[in-house]
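Have a look at the structure below before the remarks.
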Amino acid sequence: MDTRSIFENISPVDHRYSLSESESFKGLSSYISEEASIRSCAKCEAALVKAHLKMRGELTDEKAALLDNVAAAIDPEEVYREEEKTKHNIRALVNVLKTKVPADLGPLVHLGATSVDILDTALSCRMRDVTRYVVLPQLVALEEALCAIADRECETPQVGRTHGQHAVPITFGWSVAEFVSRLGKSIQRIEELSRQLKGKLAGPVGSYNGPSMIVKDPEELERTYVQFLGLDPSEYSNQLVEPEYLLRLLLEFNVAFGIIANLADDLRNLQRSEIGEVFEYFASTQVGSSTMPQKRNPWNSEHVKSLWKAMSPRVITFYMDQISEHQRDLTNSASQRFIADYVAGFTMAVERMKTVVSGLQADRESMARNLMNAGGKVKGGVLAEPAYILLGEAGVNDGHEVIRKITLEAEQSGKTFFEVLKTHTEAWAKIRGQLEKLGIENPDSFFEHPSNYRGLAATKSKRLAQKYSAAMAELKGKLN
């Protein structure tokens with residue numbers, strides 16, 4: 001079979017991203033490349049032979065090792081050449097395998113199986129393994145990097161934002177803790193779903209017709225077969241394994257992908273010139289623009305968002321592959337092959353996001369400046385909310401209106417919100433009294449800087465960082 005330069009490949013996964021995300025690509029190709037696909041099917045065929053031998057009481061360590069070695073060494077080119085004759089991928093594999101095993105084992109290759117007993121079982125093995133050994137380690141590394149920022153920046157004052165407008169103060173750690181929590185739960189769910197993928201050996205319509213001609217208990221043969229592969233049998237099978245096991249895993253991938261794309265959006269917006277609160281690592285040789293030498297674009301975050309746009313809509317196809325007429329049709333035969341592209345795109349986006357987060361720096365001076373200048377034209381105006389709430393607690397029925405007028409006065413006079421608030425002695429006395437009741441230290445200076453009003457942002461940021469750091473350490477233990 002001809003070889004070619006990677007730059008002759010059509011999919012960007014196989015040239016641009018195989019170079020830029022080389023760590024991910026190398027791991028992915030071990031599990032979801034075409035070579036890996038053929039060898040995983042061969043491994044399933046070997047497991048089936050071992051199951052037959054075990055049911056007969058004839059399985060030895062030597063025979064098991066021989067079968068495993070044959071499966072691991074199968075040549076995809078040879079299988080493809082055979083497929084040119086058979087026009088059937090699994091029959092081609094079976095024909096090749098029969099030439100590689102001893103003559104007495106040849107009749108047991110594929111015996112009692114239909115193609116999808118091999119294909120669906122092999123797909124479950126590949127998706128389980130690529131998830132546990134490639135996707136999850138990348139996700140865990142990203143989550144750990146986010147936890148580190150949430151912990152490190154838990155006290156760093158930042159203005160909150162809703163609808164693209166300044167809201168009330170938070171901390172930068174708190175804004176990152178959102179993604180710590182959301183992504184952390186999704187990672188745990190992905191790990192759980194990866195352990196629920198199933199296999200089958202139930203024949204063309206799932207009713208064990210063929211296996212019942214071989215053994216008295218076809219379900220025991222099925223269990224033995226899939227257990228050699230580290231799987232459990234699907235509770236019900238027609239020709240296919242119930243599609244929902246894989247669908248749920250892919251859907252949770254897409255949930256995590258959306259969280260990461262959301263993070264990418266937030267980070268690139270915080271890098272806008274007029275905001276400038278964070279910045280990505282920028283190498284000394286890196287170029288931001290072909291014509292503007294001073295530019296430092298948030299291109300990595302934008303790259304992650306772009307991969308999400310390309311890959312996320314494929315979830316529609318995953319749903320469509322849920323449907324197969326009667327016991328099976330072939331309408332998923334082409335579309336299901338592109339699961340590998342989706343997994344690759346998702347994993348490479350995770351690796352790129354990990355690179356962004358690992359090198360991310362907070363510009364604390366810009367955050368402090370933006371916070372102080374937040375509140376429209378009123379310096380310190382983001383403290384209007386606590387002033388109104390404290391007035392309400394003090395029994396002032398129209399506290400919102402009182403504070404609204406104070407913000408207008410501050411805007412017109414050019415003074416800070418706090419400077420004007422103090423001149424309204426009756427309102428200020430009530431507010432100060434409520435601060436004392438709450439046990440606020442230095443109530444007289446509470447309104448001098450917006451960073452004093454941050455609720456539980458710092459406390460919960462640290463708590464979430466610690467919680468998910470511990471959860472990721474536990475998960476890594478499961479994967480090893």
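Since the structure is predicted, the reported quantities are computational estimates derived from the model, not experimental observations. Note that these values count all heavy atoms, side chains included, but never hydrogens, waters or copies made by symmetry.
- No hydrogens or angles considered: nothing links the side chains of Arg128 and Ser194 as a donor-acceptor pair under 3.5 Å.
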* Would Asn262 and Arg182 count as a side-chain hydrogen bond (donor to acceptor under 3.5 Å, both in side chains) if you check the C-alpha gap in whole Å, the side-chain angles of each, and the deciding distance to 0.1 Å? -> CA-CA 11 Å; Asn262 195 167; Arg182 291 170 63 190; 3.0 Å; yes

* **Residue pair Ser24, Glu21: steps toward the side-chain hydrogen bond (donor to acceptor under 3.5 Å, both in side chains) verdict** => CA-CA 6 Å; Ser24 286; Glu21 268 68 54; over 6 Å; no

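- Between the side chain of Asp398 and the main chain of Glu401, no donor-acceptor pair closer than 3.5 Å is present.
- Nearest approach of Cys154 to Thr171, heavy atoms of both residues: O-OG1, 2.9 Å.
- A ring pair (Phe, Tyr, Trp, His ring centres under 6.0 Å) check over residues 165-197, counting only residues at least two apart or in different chains, returns nothing.
- One N or O on the side chain of Glu419 and one on the backbone of Thr416 form a donor-acceptor pair closer than 3.5 Å.
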* Asked: When you look at Glu426 and Lys430, which way does the salt bridge (charged side-chain N to carboxylate O under 4.0 Å, His left out) test go after all the steps?
  -> CA-CA 6 Å; Glu426 183 179 350; Lys430 287 182 169 61; 3.4 Å; yes

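- Judged as a side-chain contact (heavy atoms from CB on, under 4.5 Å), and not counting sequence neighbours, the contacts of Ile275 are Arg161, Leu270, Arg272, Glu277, Asn370.
- Listed for the Ser445 side chain is a donor-acceptor partner under 3.5 Å among the backbone atoms of Asn442.
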* Asked: Should Val350 and Met353 be marked as a side chain to side chain contact (heavy atoms under 4.5 Å, CB included) after you check the CA-CA gap, both sets of side-chain angles, and the distance that decides it?
  -> CA-CA 5 Å; Val350 175; Met353 195 75 254; 5.7 Å; no

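- Surrounding CD of Glu235 are at most 12 heavy atoms belonging to other residues, nucleotides or ligands under 6.0 Å away.
- Other residues, nucleotides and ligands place no more than 12 heavy atoms under 6.0 Å from the CD1 atom of Ile10.
- For the pair Ala344 and Leu28, the tightest heavy-atom approach, listed with the atom from each and the gap, is CA-CD1, 3.6 Å.
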Report, one line per pair, each donor and acceptor closer than 3.5 Å where one atom sits in a side chain of residues 383-395; sequence neighbours left out.
unit_1	atom_1	unit_2	atom_2	d
Glu385	OE1	Tyr453	OH	2.3

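- Considering all non-hydrogen atoms of both residues, Ala362 and Val278 come closest at CA-CG1, 4.3 Å.
- Interatomic distance, Ser175 OG to Asp266 CG, rounded to the nearest 0.5 Å: 7.5 Å.
- A distance-only check finds a donor-acceptor pair linking the side chain of Gln271 to the backbone of Glu280 [under 3.5 Å].
- At a threshold of 4.5 Å between non-hydrogen side-chain atoms, the residues Leu435 and Phe447 count as touching.
- Put simply, the side chain of Ser366 gets close to the backbone of Gly276: a donor and an acceptor are under 3.5 Å apart.
- Looking at Asp120, its side chain never comes within 3.5 Å of a backbone N or O of Val116 through a donor-acceptor pair.
- The closest side-chain heavy-atom distance from Arg432 to Pro443 is below 4.5 Å.
- Partners of Ser306 by side-chain contact (heavy atoms from CB on, under 4.5 Å), not counting sequence neighbours: none found.
- By the 4.5 Å heavy-atom criterion applied to side chains, Val402 and His424 are not counted as neighbours.
- Look at Glu192 and Arg189 and you find a salt bridge, because one of the NZ, NE, NH1 or NH2 atoms lies within 4.0 Å of a carboxylate O, short of that distance.
- For Lys377, the side-chain contact (heavy atoms from CB on, under 4.5 Å) partners at least two apart in sequence or on another chain are Glu411.
- The ring pair (Phe, Tyr, Trp, His ring centres under 6.0 Å) analysis of residues 4-25, with sequence neighbours excluded, yields the pairs Tyr17-His303.
- No hydrogens or angles considered: a donor-acceptor pair under 3.5 Å links the side chains of Lys185 and Ser181.
- For residues 325-340, the side-chain hydrogen bond (donor to acceptor under 3.5 Å, both in side chains) pairs, not counting sequence neighbours, are Gln239-Arg328, Asp321-Ser335, Ser324-Asp329, Asp329-Thr331.
- Summarising the local packing, CD of Glu436 is surrounded by more than 12 heavy atoms from other residues, nucleotides or ligands at distances under 6.0 Å.
- Checked by atom type and distance alone, the side chain of Glu222 pairs as donor or acceptor with a backbone atom of Leu201 at under 3.5 Å.
- Scanning both residues, Ser18 and Met348, for their nearest heavy atoms gives N-CE, 4.5 Å.
- Between Thr355 and Arg352, the side chains place no donor N or O within less than 3.5 Å of an acceptor N or O (distance only, hydrogens not considered).
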In residues 240-261, what donor-acceptor pairs under 3.5 Å come from side-chain atoms, sequence neighbours left out?
unit_1	atom_1	unit_2	atom_2	d
Glu242	OE1	Ser234	OG	3.2
Glu242	OE1	Tyr245	OH	3.2
Glu244	OE2	Gln322	NE2	2.9
Glu252	OE2	Ser186	OG	2.7
Asn254	OD1	Tyr342	OH	2.6
Asn254	ND2	Ser312	OG	3.1

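- Contact of the Arg268 side chain with the Asn300 side chain is not registered, since no non-hydrogen atoms from C-beta on lie closer than 4.5 Å.
- Here the straight-line distance linking atom CZ of Arg454 with atom CD of Gln158 works out to 12.5 Å at 0.5 Å rounding.
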* Given Ile187 and Tyr468, is the side chain to side chain contact (heavy atoms under 4.5 Å, CB included) satisfied, shown in steps? -> CA-CA 10 Å; Ile187 291 170; Tyr468 284 99; over 6 Å; no

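- Taking 4.5 Å as the limit, some side-chain heavy atom of Leu119 sits within range of a side-chain heavy atom of Cys41.
- Here the shortest heavy-atom pairing between Val79 and Ile74 reads CG2-CG1, 4.0 Å.
- Sorted by first and then second residue, the salt bridge (charged side-chain N to carboxylate O under 4.0 Å, His left out) pairs involving residues 130-149 (not counting sequence neighbours) are Arg132-Glu191, Glu144-Lys476.
- Applying the side-chain contact (heavy atoms from CB on, under 4.5 Å) test to Arg16 and every residue at least two apart in sequence or in another chain returns nothing.
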* **side chain to side chain contact (heavy atoms under 4.5 Å, CB included) assessment of Lys200 paired with Val226** => CA-CA 7 Å; Lys200 72 173 284 269; Val226 298; 5.9 Å; no

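- Under the rule for a salt bridge (charged side-chain N to carboxylate O under 4.0 Å, His left out), Lys43 has no partner lying at least two apart in sequence or in another chain.
- Identified under the side-chain hydrogen bond (donor to acceptor under 3.5 Å, both in side chains) test for residues 25-36, with sequence neighbours left out: Glu34-Tyr80, Glu35-Arg39.
- At least one donor-acceptor pair closer than 3.5 Å links the side chain of Asn269 to the backbone N or O of Asp265.
- Residue Lys198 places its NZ atom among more than 12 non-hydrogen atoms of other residues, nucleotides or ligands, all under 6.0 Å distant.
- Inter-residue side-chain proximity for Val343 and Met127 is flagged as met; some heavy-atom pair is nearer than 4.5 Å.
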* **side chain to side chain contact (heavy atoms under 4.5 Å, CB included) between Asp341 and Phe346, worked out** => CA-CA 9 Å; Asp341 288 49; Phe346 169 54; over 6 Å; no

